[in-house]
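Letters A, B, ... are given to chains in the order of the sequence lines, protein chains preceding strands, and every chain is numbered from 1.
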2 protein chains.
Amino acid sequence: MTDRSPPAGKPIRTAIADEDGIDFAIIELFFFAYRDFTSDPDQILADYGFGRAHHRVLHFVNRRPGLTVAELLDVLKITKQSLARVLKQLIDTDHVVQLQGPRDRRQRELYPTAKGRALALALARPQSRRIRAALEDSGASERALIERFLEAMVDPELRAQIDIVPAKMSGKSHGDH
Amino acid sequence: MTDRSPPAGKPIRTAIADEDGIDFAIIELFFFAYRDFTSDPDQILADYGFGRAHHRVLHFVNRRPGLTVAELLDVLKITKQSLARVLKQLIDTDHVVQLQGPRDRRQRELYPTAKGRALALALARPQSRRIRAALEDSGASERALIERFLEAMVDPELRAQIDIVPAKMSGKSHGDH
DNA sequence: AAAATTACGTCAATAGTGCTGACATAATTT
DNA sequence: AAATTATGTCAGCACTATTGACGTAATTTT
């Protein structure tokens with residue numbers, strides 16, 4: 001019994017740094033940034049008994065009023081069952097309403113109520129504040145650049161999901177490439 | 001029974017856009033970017049029966065070999081219990097080893113094994129590739145700018161966690177403010 | 001030296017989010 | 001009429017996270 005079950009690999013004492021050209025710095029920053037980015041709304045959501053999933057649904061229902069359940073599933077990349085509970089809670093608490101689709105009556109178009117819009121705004125406010133502060137801190141005027149970078153981080157096939165958003169209609173035209 | 005239980009708020013049909021100066025565009029892009037950023041390693045992890053939590057532990061153990069359990073908890077911002085299972089699995093599978101702290105023998109210093117380092121690299125590779133591609137797509141040369149922005153997104157009190165990383169020792173000095 | 005604190009491990013119970021698979025219903029399409 | 005589609009729901013399971021409690025060993029304080 002002098003040695004343990006597996007060969008018990010020896011400890012490596014040197015930090016991984018930017019070995020092999022891997023960009024650990026940005027990988028790690030992305031983790032930290034997202035961790036804190038979500039922490040603000042998480043605290044508000046807790047007061048409502050909601051979680052991050054509720055936030056995401058609320059966000060997209062407000063951004064694209066009238067989207068259907070199937071479209072929402074596609075954007076969130078989760079399963080029907082995962083959405084079901086969360087959506088039901090939002091409907092039961094009068095944050096979201098369902099309307100029968102005008103053309104296809106099988107579809108349920110999702111709309112925020114005034115209550116749902118107010119909550120979406122309350123959740124977005126601290127996040128937007130954080131973004132504004134970060135843009136200032138990091139030598140602003142680069143908003144478009146940050147936007148393009150984040151967009152480029154998204155899977156190319158899925159960028160279509162982004163281009164649906166209404167912001168693009170307000171004459172920004174920072175990229176219809 | 002002409003009306004439902006609650007006043008049943010009316011549907012709002014207009015998109016939330018950038019109402020009240022809220023930066024919904026970047027909020028949403030951050031969600032999409034992070035969703036896809038984590039999807040690459042998630043697939044690899046599935047082969048090992050690991051999840052995202054394993055990745056995070058593996059990442060930081062490789063980035064700061066010798067960190068203690070308490071330090072890791074502080075960085076990940078999770079509870080001891082949440083870490084316990086994940087860490088145990090990584091130790092049992094010989095990805096991470098614990099050494100008794102040299103000064104304080106209560107502490108357990110965490111180190112990656114060769115196996116653990118290899119996995120950390122394998123997980124980081126697609127992420128780094130995605131970052132490189134995004135920097136190119138979005139008119140690169142702005143790496144430092146992106147880095148500063150992400151850093152500024154982190155809670156100021158917690159930025160100390162970032163400044164520990166070894167990358168800063170390699171003479172980059174883009175900010176010891 | 002005794003007492004308090006600290007670092008860590010573990011146990012129990014619970015919540016939130018996600019998954020797969022199966023099945024039902026209503027509406028639309030073929 | 002039959003097949004397909006959009007949605008809802010049920011059962012069961014996995015992973016990550018939570019709080020609270022307790023135990024042990026080591027260090028620090030008194």
Side-chain angles (χ1 to χ4, degrees), chain A residues 31 34-35 38-39 41-61 66-93 96-111, chain B residues 31 34-35 38-39 41-61 66-93 96-111:
Chain A
F31 162 72
Y34 198 75
R35 181 195 65 180
T38 52
S39 69
D42 280 355
Q43 286 196 302
I44 299 171
L45 288 160
D47 298 337
Y48 292 77
F50 290 161
R52 222 172 269 184
H54 299 83
H55 185 187
R56 292 199 279 260
V57 171
L58 213 42
H59 170 91
F60 285 108
V61 168
L67 52 35
T68 65
V69 171
E71 287 167 347
L72 189 50
L73 289 175
D74 199 49
V75 168
L76 298 178
K77 289 273 206 75
I78 58 174
T79 59
K80 203 184 358 172
Q81 184 57 287
S82 298
L83 175 61
R85 275 180 304 240
V86 169
L87 184 55
K88 191 175 192 314
Q89 285 176 285
L90 287 171
I91 291 168
D92 289 348
T93 54
V96 172
V97 288
Q98 285 180 320
L99 295 185
Q100 205 171 49
R103 306 174 181 186
D104 189 332
R105 288 187 303 176
R106 288 171 304 179
Q107 293 184 332
R108 309 296 159 85
E109 295 185 341
L110 303 173
Y111 293 91
Chain B
F31 162 71
Y34 198 76
R35 182 194 67 179
T38 52
S39 70
D42 280 355
Q43 287 197 301
I44 299 171
L45 288 160
D47 297 338
Y48 292 77
F50 291 162
R52 221 173 269 184
H54 299 84
H55 185 186
R56 291 198 281 260
V57 171
L58 213 42
H59 171 91
F60 285 107
V61 167
L67 51 35
T68 64
V69 171
E71 287 166 347
L72 189 51
L73 289 176
D74 200 50
V75 169
L76 298 179
K77 290 274 205 71
I78 58 174
T79 60
K80 205 183 355 173
Q81 183 60 284
S82 298
L83 175 61
R85 274 178 305 242
V86 169
L87 185 55
K88 193 175 189 314
Q89 284 176 287
L90 287 171
I91 290 168
D92 288 348
T93 54
V96 172
V97 288
Q98 285 180 321
L99 296 183
Q100 203 172 50
R103 305 173 183 189
D104 188 333
R105 287 186 303 176
R106 289 171 304 180
Q107 295 183 331
R108 308 295 159 85
E109 294 184 342
L110 304 173
Y111 294 92

| note | Sequence neighbours excluded, the answer for side chain to side chain donor-acceptor pair (under 3.5 Å) partners of Lys88(B) is Asp92(B)
| request: Take the protein atom CZ of Phe50(B) and the nucleotide atom P of dT16(D), then report the distance between them rounded to whole Å. | output: 10 Å
| said: Whole angstroms only, please: what is the CG-C1' distance between Asp74(A) and dA6(D)? | reply: 14 Å
| said: In whole Å, I'd like the distance from the CG atom of Leu87(B) to the C1' atom of dT16(D). | reply: 15 Å
| Considering residues at least two apart in sequence or located in another chain, which fulfil the side chain to side chain donor-acceptor pair (under 3.5 Å) criterion with Ser82(B)? | Thr79(B)
| query | Base, backbone or nothing for each nucleotide of nucleotides 22-30 of chain D, written B, S, -, heavy atoms under 4.0 angstrom, 5' to 3'? | reply | ---BBS---
| said: According to ring pair (Phe, Tyr, Trp, His ring centres under 6.0 Å), who are the partners of Phe60(A), at least two apart in sequence or on a separate chain? | reply: Phe31(B), Phe32(B)
| said: What contact category does Arg85(A) fall into here, base, sugar-phosphate, or nothing, at under 4.0 angstrom with non-hydrogen atoms? | reply: base
| task | Please list, chain by chain and in numerical order, all residues satisfying salt bridge (Lys or Arg N to Asp or Glu O under 4.0 Å) with Asp42(B), sequence neighbours excluded. | result | Arg52(B)
For residues 103-111 of chain A, run the donor-acceptor check on the side chains, cut-off 3.5 Å, and write out each pair with its distance to 0.1 Å, sequence neighbours left out.
{"residue": "Asp104(A)", "atom": "OD1", "partner": "Arg106(A)", "partner atom": "N", "Å": "2.9"}
{"residue": "Asp104(A)", "atom": "OD1", "partner": "Arg106(A)", "partner atom": "NE", "Å": "3.0"}
{"residue": "Asp104(A)", "atom": "OD2", "partner": "Arg106(A)", "partner atom": "NE", "Å": "3.4"}
{"residue": "Asp104(A)", "atom": "OD2", "partner": "Arg106(A)", "partner atom": "NH2", "Å": "2.7"}
{"residue": "Glu109(A)", "atom": "OE1", "partner": "Tyr111(A)", "partner atom": "OH", "Å": "2.7"}
{"residue": "Tyr111(A)", "atom": "OH", "partner": "Arg13(B)", "partner atom": "NH1", "Å": "3.2"}

| query | Between Leu90(B) (CG) and dT16(D) (P), how many Å, whole number? | reply | 10 Å
| message | Would you call the rings of His59(A) and His55(A) parallel, tilted or perpendicular, taking 30° and 60° as the class edges? | response | perpendicular
| query | In whole Å, what is the span from the CG atom of Leu76(B) to the C1' atom of dT18(D)? | reply | 15 Å
| request: Would you tell me if any nitrogen or oxygen in the side chain of Arg108(A) comes within less than 4.0 Å of OP1 or OP2 on dA6(D)? | output: no
| said: Students should find this one: the first and last nucleotides of DNA chain C, 5' to 3', lying under 4.0 Å from a heavy atom of chain A. What are they? | reply: dG16(C) to dT28(C)
| task | Taking only the side-chain nitrogens and oxygens of Thr79(B), find out if one of them lies under 4.0 Å from OP1 or OP2 of dA17(D). | result | no
| task | Round to the nearest Å and state the distance from Gln81(A) atom CD to dG8(D) atom C1'. | result | 9 Å
| message | As an exercise, state the distance from OG1 of Thr93(A) to NE2 of His54(A), rounded to the nearest 0.5 Å. | response | 7.5 Å
| Along DNA chain C (nearest heavy atom to each residue), the more 5'-positioned of Ala84(B) and Arg52(A) | Ala84(B)
| query | side chain to side chain donor-acceptor pair (under 3.5 Å) with Arg35(B): which residues, sequence neighbours excluded? | reply | Gln161(A)
| query | Side-chain N or O of His54(B) less than 4.0 angstrom from OP1 or OP2 on dT16(D)? | reply | yes
| said: Counting the atoms with a prime plus P, OP1 and OP2 as sugar-phosphate, which does Gln98(B) contact under 4.0 Å by heavy atoms, base, sugar-phosphate, or nothing? | reply: sugar-phosphate
| message | Going by salt bridge (Lys or Arg N to Asp or Glu O under 4.0 Å), name the pairs with one or both residues in residues 69-79 of chain A, residues two or more places apart or in two chains. | response | none
